[in-house]
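Just so you know, these numbers use all the heavy atoms, side chains as well, and skip hydrogens, waters and symmetry mates.
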Amino acid sequence: MQYCAHCGNAVEAVSYAPCPRCGSPTNGAPRAAAGAKTNPAIIVVIVIVVGLVLVAFLGIIAAIAIPNFITGAQRAKQKRTMADIRSLATAVEAYNVDNNEYPKGASPSELTPLLVPKYIKVVRVDGWGNPLRYACLKDATAQDSEKCAGYVIGSAGKDARFEQDSMETAATHSPQSTSNFDCDIIYSNGSFVEYPEGAQR
C-alpha cells in the first residue's frame with residue numbers, strides 16, 4: 001500500500017495524480033497554482049488581435065510616408081533638372097562670349113559637338129530621363145539674320161509633354177511659377193520663365 005505524501009491517505013500508486021482527499025499530488029510535488037492552466041483559444045485570439053493592430057499601425061504609417069516619399073523624389077528631380085538647365089545655360093553663355101553669338105541647334109544633342117568638352121562636360125537629360133529642348137532665338141530687329149541673339153532651354157516635366165507649341169513662344173511669356181510636376185520648366189537668356197514654386201502635385 002502506498003500513501004499520499006501530503007496527507008497520508010492510502011492511494012493505489014504515488015504519482016502526480018491528485019490525492020482524492022487533499023487534492024495535492026500524491027508524490028509530494030507542490031500543488032499547481034489555481035488558474036495556472038492557459039486556454040489555447042485565448043492565446044490564438046490575443047495573437048490575432050495584436051497582429052491586426054500591428055497591420056493597421058503599419059498601414060497608417062505607409063499611408064503617410066509613401067506619398068511624402070514620392071513627392072520628395074519628384075521634387076528632387078525638378079531641382080536636378082533646374083540645376084542641369086542652369087549648367088547648360090552657363091555653357092551656352094560661355095560659347096557666346098567666345099563666338100559673339102549663341103550656338104545654333106534644335107536640341108541639346110546638336111549642341112554637344114559645339115559645347116563638349118570645352119564649355120561643359122556633358123549635356124544631360126532632365127531629372128525624368130527625357131532630353132532637354134534647346135532653341136536659338138533670332139534677332140528680332142533683323143529677321144533675315146541667321147545670327148542667334150538669344151536662347152531658350154526647357155524641360156517638359158514629369159509627363160514628358162511640352163505645353164507650348166514652340167520654345168520661342170515660351171520664351172516670350174512673362175515669368176510665372178507652376179505648381180504641378182507635369183508643368184514645363186523654361187529658362188531663357190539668363191532667367192527662368194516657367195519654374196516650380198511652392199507645394200507641387
Side-chain angles (χ1 to χ4, degrees), residues 62-201:
I64 295 169
I66 291 174
N68 288 340
F69 173 76
I70 292 170
T71 300
Q74 295 300 323
R75 188 72 158 167
K77 290 177 181 181
Q78 271 186 337
K79 294 299 182 187
R80 198 206 104 181
T81 298
M82 293 175 73
D84 289 341
I85 287 174
R86 282 193 195 98
S87 296
L88 181 57
T90 301
V92 168
E93 295 282 0
Y95 179 94
N96 178 51
V97 169
D98 289 350
N99 298 282
N100 200 29
E101 76 167 321
Y102 293 101
K104 294 180 177 70
S107 68
S109 61
E110 293 181 13
L111 296 179
T112 299
L114 301 173
L115 301 178
V116 176
K118 184 175 181 182
Y119 302 104
I120 193 170
K121 187 174 181 180
V122 63
V123 177
R124 296 184 178 275
V125 295
D126 70 10
W128 295 276
N130 304 310
L132 297 171
R133 188 181 286 182
Y134 171 85
C136 121
L137 303 175
K138 304 294 185 191
D139 188 349
T141 60
Q143 292 292 337
D144 295 336
S145 173
E146 289 299 315
K147 185 176 180 178
C148 289
Y151 66 92
V152 58
I153 304 167
S155 163
K158 178 184 172 184
D159 64 356
R161 194 177 69 238
F162 279 95
E163 296 159 7
Q164 305 294 332
D165 294 332
S166 69
M167 295 298 287
E168 291 83 352
T169 304
T172 60
H173 294 163
S174 56
Q176 63 180 3
S177 62
T178 61
S179 60
N180 195 303
F181 292 118
D182 291 336
C183 291
D184 298 346
I185 302 172
I186 307 294
Y187 189 91
S188 180
N189 295 331
S191 63
F192 281 99
V193 179
E194 289 185 35
Y195 53 92
E197 186 173 70
Q200 303 288 301
R201 52 186 167 77

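- Interatomic distance, CG of Leu88 versus CG of Leu111, reported as 6.0 Å (0.5 Å rounding).
- Note that OH of Tyr95 and CD1 of Ile120 are 14.5 Å apart. Values are rounded to the nearest 0.5 Å.
- Rounding to the nearest 0.5 Å places CG of Leu132 at 9.0 Å from CD1 of Ile185.
- Residues Glu163 and Cys183 approach most closely at OE2-CA, 3.2 Å, considering heavy atoms.
- Taking every heavy atom of both residues into account, Met167 and Gly154 meet most closely at CE-N, 3.2 Å.
- To the nearest 0.5 angstrom, Arg86 atom CZ is 10.5 Å from Ser191 atom OG.
- For the side chain to side chain contact (heavy atoms under 4.5 Å, CB included) test with Phe192, the passing option among Ile85, Ile186, Ile153 is Ile85; the others fail.
- Of the inter-residue distances, the one linking Arg75 atom CZ with Asn68 atom CG reads 13.0 Å to the nearest 0.5 angstrom.
- Proximity of a side-chain donor or acceptor of Asn189 to a complementary backbone N or O of Val152 within less than 3.5 Å is not detected.
- Not counting sequence neighbours, the partners of Lys104 by the salt bridge (Lys or Arg N to Asp or Glu O under 4.0 Å) test are Glu101.
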Requested in this report: With side chain to side chain contact (heavy atoms under 4.5 Å, CB included) as the test, would you mind laying out the steps for Lys77 and Phe181 before giving the verdict?
Outcome: CA-CA 9 Å; Lys77 290 177 181 181; Phe181 292 118; over 6 Å; no
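- For the salt bridge (Lys or Arg N to Asp or Glu O under 4.0 Å) test, no residue two or more places apart in sequence or in another chain qualifies with Arg201.
- Residue Tyr102 holds its OH atom at 4.0 Å from CD of Glu93, rounded to the nearest 0.5 Å.
- Minimum interatomic distance between Ala171 and Val193 (heavy atoms only, all atoms of both residues): O-CG2, 4.5 Å.
- Every disulfide bond (SG atoms under 2.5 Å apart) that Cys148 has, sequence neighbours left out, goes to Cys136.
- Within the structure, every pair that satisfies the side-chain hydrogen bond (donor to acceptor under 3.5 Å, both in side chains) test and touches residues 112-137, not counting sequence neighbours, is listed here: Gln74-Trp128, Asp98-Tyr119, Asp126-Ser155.
- A side-chain donor-acceptor contact under 3.5 Å links Gln200 to the backbone of Asn180.
- Between Ala89 and Tyr187, the shortest heavy-atom distance links the atoms CB-CE2, 3.3 Å.
- Across Leu137 and Ser188, no two heavy atoms sit closer than the pair CD1-OG, 3.9 Å.
- Put simply, the side chain of Ser177 never gets that close to the backbone of Glu194: no donor and acceptor are under 3.5 Å apart.
- Under the salt bridge (Lys or Arg N to Asp or Glu O under 4.0 Å) criterion, Arg80 pairs with Asp84, not counting sequence neighbours.
- Considering all non-hydrogen atoms of both residues, Glu110 and Gly105 come closest at OE1-CA, 3.4 Å.
- In terms of the salt bridge (Lys or Arg N to Asp or Glu O under 4.0 Å) criterion, residue partners of Asp159 (sequence neighbours excluded) are, by chain and number, Arg161.
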